[in-house]
Amino acid sequence: MKLVLLGPPGAGKGTLAAFLNKKLDIPHVSTGDMLREEMKNNTLLGQEVKHYVESGGLVPDQVVIKLIENKFSHDKAIDKGYMLDGFPRTKVQAKDLDILLNGLNKPVDYAVYLDASLPVIVERLTGRRICRHCSAIFHVKNNPPKKEGICNRCGGEIYQRPDDNEETIKTRMSVYLKNTKPVIDYYEAQGKLKKVDADRNSQEVQESLMKIVHSIGEHERGCC
Ligand code: AP5
């Protein structure tokens with residue numbers, strides 16, 4: 001199964017990808033996580049992108065395209081399929097991704113668009129907490145860790161992302177509307193867009209995703 005998860009910041013892309021990864025063992029490829037890992041390790045790339053990530057702007061296309069090219073060319077796990085989260089974010093990235101994936105004979109099955117409203121986004125992002133070690137995602141109200149400040153999965157320290165404040169969320173939303181909305185139209189024009197109402201609770205969103213996953217299975221088996 002080969003999916004792209006699209007949607008505004010905080011729509012639930014990472015949460016849904018983690019769910020599907022656990023259920024079906026499909027690799028979760030998140031450019032946001034990859035960039036934060038570089039920043040955590042203080043690599044040259046991490047230093048170069050820190051300003052863009054923390055201010056809510058976009059990292060230049062050529063930088064993230066290179067990251068994805070490296071990942072897809074060297075990671076054998078991708079043979080099982082993939083869930084791309086946070087990439088592509090511009091039409092330039094979407095076109096380059098198509099060239100890369102067609103060359104690898106792994107074209108996108110569907111782009112799943114998680115449509116969430118602004119009040120829901122702000123509530124989710126301001127309450128979000130992340131594990132510094134394994135990137136597990138929590139929320140102070142919707143999905144709190146069992147022990148405050150400690151990750152359920154690995155025991156790592158939980159923190160709040162520096163870009164999850166109201167001011168930076170506004171910047172991320174306007175960047176999303178200007179640059180990423182056209183990517184939704186790009187997949188719609190290819191007949192690959194599946195829209196999901198992401199204002200609903202996690203279980204309902206997961207059920208919608210599983211229907212899409214099953215439809216891919218049926219299509220691959222040549223049924224219906
Ligand atoms: P990135 O990490 O990709 O951030 P984002 O797209 O803004 O998305 P988020 O991670 O904020 O949200 P999400 O949709 O994954 O929501 P989540 O599941 O965590 O990118 C960060 C930065 O990196 C960018 O700003 C940019 O600078 C740079 N970057 C990355 N990729 C790039 C690219 N391709 N090009 C250029 N620059 C790039 O959920 C949010 C919260 O809600 C959680 O607390 C969760 O528990 C809760 N929640 C989720 N779903 C539900 C639900 N259904 N009901 C209730 N609560 C829920």
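First listed ligand is number 1; within each ligand, the first listed atom is number 1. Index from 1, following the sequence. On a predicted model such as this, the values are computed, not experimentally measured, just so you know.
Shown here for I137 and R128, the closest heavy-atom pair between the two residues is CG2-CD, 3.9 Å. Contact between K80 and I26 at its shortest, heavy atoms only, is O-CD1, 3.7 Å. Smallest separation of non-hydrogen atoms from P9 and R172: CB-NH2, 3.6 Å.
What sits closest to atom 48 (N) of ligand 1 on the protein, heavy atoms only, is R124 CD, 3.7 Å. Nearest protein heavy-atom neighbour of atom 39 (O) of ligand 1: T15 OG1, 3.6 Å. Closest protein heavy atom to atom 53 (N) of ligand 1: R200 O, 3.0 Å. Of the protein's non-hydrogen atoms, V53 CG1, 4.0 Å is the one closest to atom 22 (C) of ligand 1. R89 NH2, 3.7 Å is the protein heavy atom nearest to atom 24 (C) of ligand 1. Among all protein heavy atoms, the one lying closest to atom 37 (N) of ligand 1 is V59 N, 3.1 Å. Nearest to atom 35 (N) of ligand 1 among the protein's heavy atoms is Q93 NE2, 3.0 Å. Protein heavy atom nearest atom 19 (O) of ligand 1, with residue, atom name and distance: R128 NH1, 2.5 Å.
Only the side chain of N142 comes within 4.0 Å of ligand 1, counting heavy atoms alone; its backbone N, CA, C and O stay farther away. At a heavy-atom cutoff of 4.0 Å, ligand 1 is contacted by no atom of E204, backbone or side chain. Looking at L125 against ligand 1, only its side chain comes within 4.0 Å, counting heavy atoms. For F138, every heavy-atom contact with ligand 1 shorter than 4.0 Å involves the backbone, none the side chain. Contact annotation for L35 and ligand 1: only side-chain heavy atoms (C-beta onward) come within less than 4.0 Å of the ligand.
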Between Y82 and F72, does the ring-ring contact (aromatic ring centres under 6.0 Å, His included) criterion hold? Intermediate values first, please.
CA-CA 10 Å; Y82 52 81; F72 276 78; 5.2 Å; yes
List the steps, then state whether side-chain contact (heavy atoms from CB on, under 4.5 Å) holds for N42 with Q47.
CA-CA 6 Å; N42 201 25; Q47 291 170 21; 3.3 Å; yes
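Cluster annotation: L5 is not connected to V29 through the hydrophobic network of ILVMFWY side chains, with a link wherever side-chain heavy atoms come within less than 4.5 Å. Criterion: ILVMFWY side-chain heavy atoms under 4.5 Å apart, direct or through other members. Under it, V205 and V4 are not part of a common hydrophobic cluster.
In this structure, a donor-acceptor pair under 3.5 Å is present between the side chains of D199 and S117. Side chains of T168 and D163: a donor-acceptor N/O pair is absent below 3.5 angstrom, by distance only. Remark: the S208 side chain and the R200 side chain contain an N/O donor-acceptor pair separated by less than 3.5 Å. In summary, the side chains of K194 and Y187 do not present any donor paired with an acceptor at a separation below 3.5 Å, with no hydrogens or angles considered.
Every atom of ligand 1 with a heavy atom of T31 under 4.0 Å away is listed here by number and element: 30 (C), 31 (N), 32 (C), 34 (N). Close contacts between ligand 1 and Y52 involve ligand atoms 27 (O) [criterion: under 4.0 Å to a heavy atom]. Applying the 4.0 Å criterion to heavy atoms of G57 picks out, from ligand 1, the atoms 25 (O), 26 (C), 27 (O). The ligand atoms of ligand 1 that sit less than 4.0 angstrom from a heavy atom of R36 are 2 (O), 21 (C).
Here K95 does not pair with D98 in a salt bridge; the nearest charged N to carboxylate O distance is not below 4.0 Å. Between D164 and R124 there is no salt bridge, since none of the side-chain N atoms of the basic residue sits less than 4.0 Å from a carboxylate O of the acidic one.
Listed for the R89 side chain is a donor-acceptor partner under 3.5 Å among the backbone atoms of G86.
Considering backbone and side-chain N/O of G56, none are found under 3.5 Å from N/O of ligand 1. For a threshold of 3.5 Å applied to N or O pairs, the pair formed by L58 and ligand 1 contains no separation below that value. Checking only distances, S30 never comes within under 3.5 Å of ligand 1, N or O to N or O. Considering backbone and side-chain N/O atoms, G14 comes within less than 3.5 Å of an N/O atom of ligand 1. Between K13 and ligand 1, a contact under 3.5 Å exists for at least one N or O pair.
The shortest separation from a heavy atom of G127 to ligand 1 is not under 4.0 Å, leaving the residue out of contact. Residue R129 places no heavy atom under 4.0 Å from ligand 1.
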